[in-house]
K.L.:
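Handing you a structure now.
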Amino acid sequence: MSRSIEVLLAPPWPADLVRGAHVAVVDVLRASTTIAVALANGAAGVIPVTEPGDAIALGHRLGRDRVLFCGERNAERIDGFDLDNSPASFTPEAIAGKTLIMTTTNGTRALRAVATAASVRTAALVNRTALADALAHEEGAIVIVCAGDADGFALEDAIGAGALVDTLLTLIGEVELKDGARAAALLYRSVAGRLAEAVASSDHAQSLSRKGFARDVTRCAALDTVNVVPTLRDGILVVTPAASPV
Ligand code: MLT
């Protein structure tokens, strides 16, 4: 089967492009970074849901002592929730062995929107190479979905998608690169030498910094600090074993 890579740079994400594809959802600030950190630090799994009420209802069905309610609205912890959406909150002490039920403004919404994909993973700058290794083993179409911000384009997600495309191109021989993927790769290469600065210049990074989360922005802009591939299995993001070299 011929291989292709596309990047959907902003919502809405056309269902016909996602159907049957191997999808990576990118929300660099901060959901996909936080999910990678949480799974690396021993969370049993992360269940993405759309609304806080969905999280509470599901948590009580699964058993309150087994779960933690996590996520944000306007970047802050939701009333009654255990944790916010800051990767710094997801320490091994706080989360090991727990199932995390998470709702965020854009990231978990994007995850819920790609249900017809052949496979769904989450990608961030922090696990870029681990993700690229896993995707490089798949046949067929790879579609990278940028979660975006408030129904539009988010610079940091396009940079994250471009970083993934750039590494995929070093791992996959023959591949058809679609325009969205080409644009993301060009963007990433233009800022690769000053990645932290480029991520920090984005609208959402500036808003996070104003709210006291500047350290999160720096952490989310770091490449390859986490070696996990969060993969959706029956509605739960879990860690899959690292792929063997291509
Ligand atoms: C989102 O899903 O919109 C983000 O992760 C928001 C945030 O920075 O917490």
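As the structure lists them, so they are numbered: ligands from 1, and atoms in each ligand from 1. As the structure is a prediction and not an experimental result, all values here were calculated from the model. One-based numbering along the sequence shown.
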K.L.:
What protein heavy atom sits nearest atom 1 (C) of ligand 1, and how far off is it?
P.N.:
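Of the protein heavy atoms, Asp27 OD2, 3.2 Å lies nearest.
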
K.L.:
Might you point out which heavy atoms bring Asp157 and Val28 nearest each other, and give the distance in Å?
P.N.:
OD1-N, 2.9 Å

K.L.:
Does ligand 1 have a heavy atom under 4.0 Å from the side chain of Thr34, from its backbone, from both, or from neither?
P.N.:
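None of Thr34 does.
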
K.L.:
Distance to 0.1 Å, residue and atom name: give those for the protein heavy atom nearest to atom 6 (C) of ligand 1.
P.N.:
Glu72 OE2, 3.4 Å

K.L.:
For ligand 1, which part of Arg30 has a heavy atom less than 4.0 Å away: the side chain, the backbone, both, or neither?
P.N.:
both

K.L.:
For Arg219 and Thr225, what are the C-alpha separation, side-chain angles and deciding distance, and is it a side chain to side chain donor-acceptor pair (under 3.5 Å)?
P.N.:
CA-CA 9 Å; Arg219 184 169 187 171; Thr225 54; over 6 Å; no

K.L.:
I need the contact type for His204 against ligand 1. Using non-hydrogen atoms and a strict under-4.0 Å cut-off, is it side chain, backbone, both or neither?
P.N.:
side chain

K.L.:
Checking the N or O distance criterion of under 3.5 Å, is ligand 1 in contact with Thr108?
P.N.:
no

K.L.:
What's the verdict on side chain to side chain donor-acceptor pair (under 3.5 Å) for Thr105 and Glu72, showing C-alpha distance, side-chain angles and the deciding distance?
P.N.:
CA-CA 7 Å; Thr105 311; Glu72 57 70 41; 2.9 Å; yes

K.L.:
Please check if any side-chain donor atom of Asn85 sits under 3.5 Å from a side-chain acceptor atom of Thr104, or the reverse.
P.N.:
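Not at all, the side chains of Asn85 and Thr104 share no donor-acceptor pair under 3.5 Å.
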
K.L.:
Can you find a pair of side-chain heavy atoms, one from Met102 and one from Phe69, that are under 4.5 Å apart?
P.N.:
no

K.L.:
Would Ala75 count as being in polar contact with ligand 1, using the rule that some N or O on each side must be under 3.5 angstrom apart?
P.N.:
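There is no such contact.
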
K.L.:
Using a 4.0 Å cutoff against the non-hydrogen atoms of Asn85, which atoms of ligand 1 qualify?
P.N.:
4 (C), 5 (O), 6 (C), 7 (C), 9 (O)

K.L.:
In plain terms, say whether Glu138 and Arg121 are close enough for a salt bridge, that is, a side-chain N and a carboxylate O under 4.0 Å apart.
P.N.:
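Answer for the salt bridge query: yes.
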
K.L.:
Between the side chains of Asp82 and Arg64, is the shortest nitrogen-to-carboxylate-oxygen separation below 4.0 Å, so that they form an ion pair?
P.N.:
yes

K.L.:
For the side chain to side chain contact (heavy atoms under 4.5 Å, CB included) test, which of Val145, Val114, Thr231, Val18 pairs with Val120?
P.N.:
Val114

K.L.:
For Gly107, is at least one N or O under 3.5 Å away from an N or O on ligand 1?
P.N.:
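N/O-N/O distance below 3.5 Å exists for this pair.
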
K.L.:
Give the numbers and elements of all ligand 1 atoms closer than 4.0 Å to a heavy atom of Thr105.
P.N.:
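Reading through ligand 1 atom by atom, the close ones are 1 (C), 2 (O), 3 (O).
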
K.L.:
Check Asp149 against ligand 1 and report side chain, backbone, both or neither, counting heavy atoms closer than 4.0 Å.
P.N.:
neither

K.L.:
Please identify which atoms of ligand 1 are closer than 4.0 Å to at least one heavy atom of Thr104.
P.N.:
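Heavy-atom distances to Thr104 below 4.0 Å select 1 (C), 2 (O).
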
